[in-house]
Amino acid sequence: DAGITQSPRHKVTETGTPVTLRCHQTENHRYMYWYRQDPGHGLRLIHYSYGVKDTDKGEVSDGYSVSRSKTEDFLLTLESATSSQTSVYFCAISVEPSGGANVLTFGAGSRLTVL
Amino acid sequence: KQEVTQIPAALSVPEGENLVLNCSFTDSAIYNLQWFRQDPGKGLTSLLLIQSSQREQTSGRLNASLDKSSGRSTLYIAASQPGDSATYLCAVDIIQGAQKLVFGQGTRLTINP
């Protein structure tokens, strides 16, 4: 998984509770992303970061916040989880091969169930 | 708003056949297009990336083509094998810099021995 670790890999929680998912990279890539994957919708971008403390919204950012206090860590927080946020969450990084366009590389995913 | 469509949603073929997966997008103003593979319960693996100035890319038995003007890309798999069974997704990158990819919903491919 190109040095990307997501934690936790599985989580079951109740509606209204806060949840934080962590994405850790072992390299020094500038861009990091959070996507969610749902049947019938495919993958959709939630938030992304282009540097420490630099983040921006994606297509489906409502109900989510992110933080990046260190280059290697990108946190996704659900302040008050809802059942509609039950999904598989993927972290990704842009890997910059020499002489080529950036390639998006994904972590293994975090499956979140909100009861 | 950019939309990406992949047809068919599922495809089952016997081993050894050559096959083509299709991807279409509504806005031709793309930066690049990527094809990914996803195995059940796993993350996505990048297969091929075609920059907007390119027409095709090849990697082993895989060949991806891009026709920006018609909003289409195809992924050609030669001499299919059971290990090729997976879901294949295409995604378009709509800006330079941050990769804000717009994904299709994928084609679930099954190769029968």
Side-chain angles (χ1 to χ4, degrees), chain A residues 1-7 9-10 21 23 25 29-51 54-61 66 68 74 87-97 99-111, chain B residues 1-7 9-10 21 23-27 30-54 56-59 62 64 66 86-108:
Chain A
D1 293 325
I4 305 173
T5 304
Q6 292 187 230
S7 60
R9 293 291 313 281
H10 302 273
L21 305 180
C23 178
Q25 62 161 324
H29 298 291
R30 177 183 177 192
Y31 289 98
M32 299 183 74
Y33 310 81
W34 278 107
Y35 283 85
R36 60 178 289 175
Q37 184 174 35
D38 305 287
H41 291 280
L43 280 101
R44 294 175 291 173
L45 180 64
I46 305 172
H47 281 280
Y48 69 98
S49 169
Y50 47 97
D54 292 324
T55 65
D56 203 352
K57 297 179 180 179
E59 179 186 356
V60 290
S61 59
V66 290
R68 193 168 178 197
F74 191 32
S87 186
V88 181
Y89 292 86
F90 287 99
C91 175
I93 59 175
S94 290
V95 177
E96 306 92 3
N102 291 354
V103 174
L104 203 61
T105 302
F106 284 81
S110 295
R111 181 175 296 276
Chain B
K1 177 184 175 184
Q2 177 74 267
E3 294 184 359
V4 179
T5 303
Q6 292 184 247
I7 296 174
L21 306 181
C23 172
S24 62
F25 46 95
T26 55
D27 188 342
I30 65 171
Y31 184 59
N32 61 47
L33 183 145
Q34 292 187 51
W35 281 93
F36 295 86
R37 169 186 173 136
Q38 186 176 28
D39 294 289
K42 305 287 187 179
L44 282 71
T45 301
S46 181
L47 297 173
L48 289 165
L49 181 148
I50 310 176
Q51 299 188 56
S52 61
S53 59
Q54 298 174 326
E56 64 177 342
Q57 282 287 331
T58 298
S59 175
L62 306 179
L66 173 63
T87 296
Y88 291 80
L89 299 103
C90 73
V92 297
D93 197 351
I94 58 177
I95 63 171
Q96 189 171 358
Q99 289 182 278
K100 299 176 69 174
L101 298 191
V102 178
F103 281 83
Q105 294 193 36
T107 295
R108 188 173 67 253

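Computation of the quantities below employed the complete heavy-atom set of this structure, encompassing side-chain atoms and omitting hydrogens, waters and symmetry-equivalent molecules.
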Original post:
Which atoms of A:L104 come close to chain B, meaning under 4.5 Å heavy atom to heavy atom: side chain ones, backbone ones, both, or neither?
Top reply: both
**OP:** Select one option (side chain, backbone, both, neither) describing which atoms of A:Y50 are under 4.5 Å from chain B's heavy atoms.
**Re:** neither
Subject >> Minimum heavy-atom distance between B:S46 and A:V103, given as atom pair plus value >> reply: OG-CG1, 3.3 Å
**OP:** Could you tell me which portion of B:L101 (side chain, backbone, both or neither) has an atom closer than 4.5 angstrom to a non-hydrogen atom of chain A?
**Re:** both
Subject >> Rounded distance (nearest 0.5 Å) linking atom CD of A:E59 with atom NZ of B:K1 >> reply: 4.5 Å
Original post:
Among A:Y33, A:Y35, A:F90, which residue meets the ring pair (Phe, Tyr, Trp, His ring centres under 6.0 Å) test with B:F103?
Top reply: A:Y35
Original post:
Within a radius of less than 6.0 Å around CZ of A:R111, do more than 12 heavy atoms belonging to other residues, nucleotides or ligands occur?
Top reply: no
Subject >> Under 4.5 Å from a heavy atom of chain A, the part of B:Q38 involved >> reply: side chain
Original post:
Is there a side-chain contact (heavy atoms from CB on, under 4.5 Å) between A:L43 and B:L44 once you walk through the steps?
Top reply: CA-CA 10 Å; A:L43 280 101; B:L44 282 71; 4.1 Å; yes
Subject >> Under 4.5 Å from any heavy atom of chain B - which part of A:Q6 >> reply: neither
**OP:** Look at A:G40, A:G42, A:A92 and state which one has the largest set of heavy-atom pairs under 4.5 Å with chain B.
**Re:** A:G40
Original post:
Using non-hydrogen atoms only, which part of B:K100 is less than 4.5 Å away from chain A: side chain, backbone, both, or neither?
Top reply: both
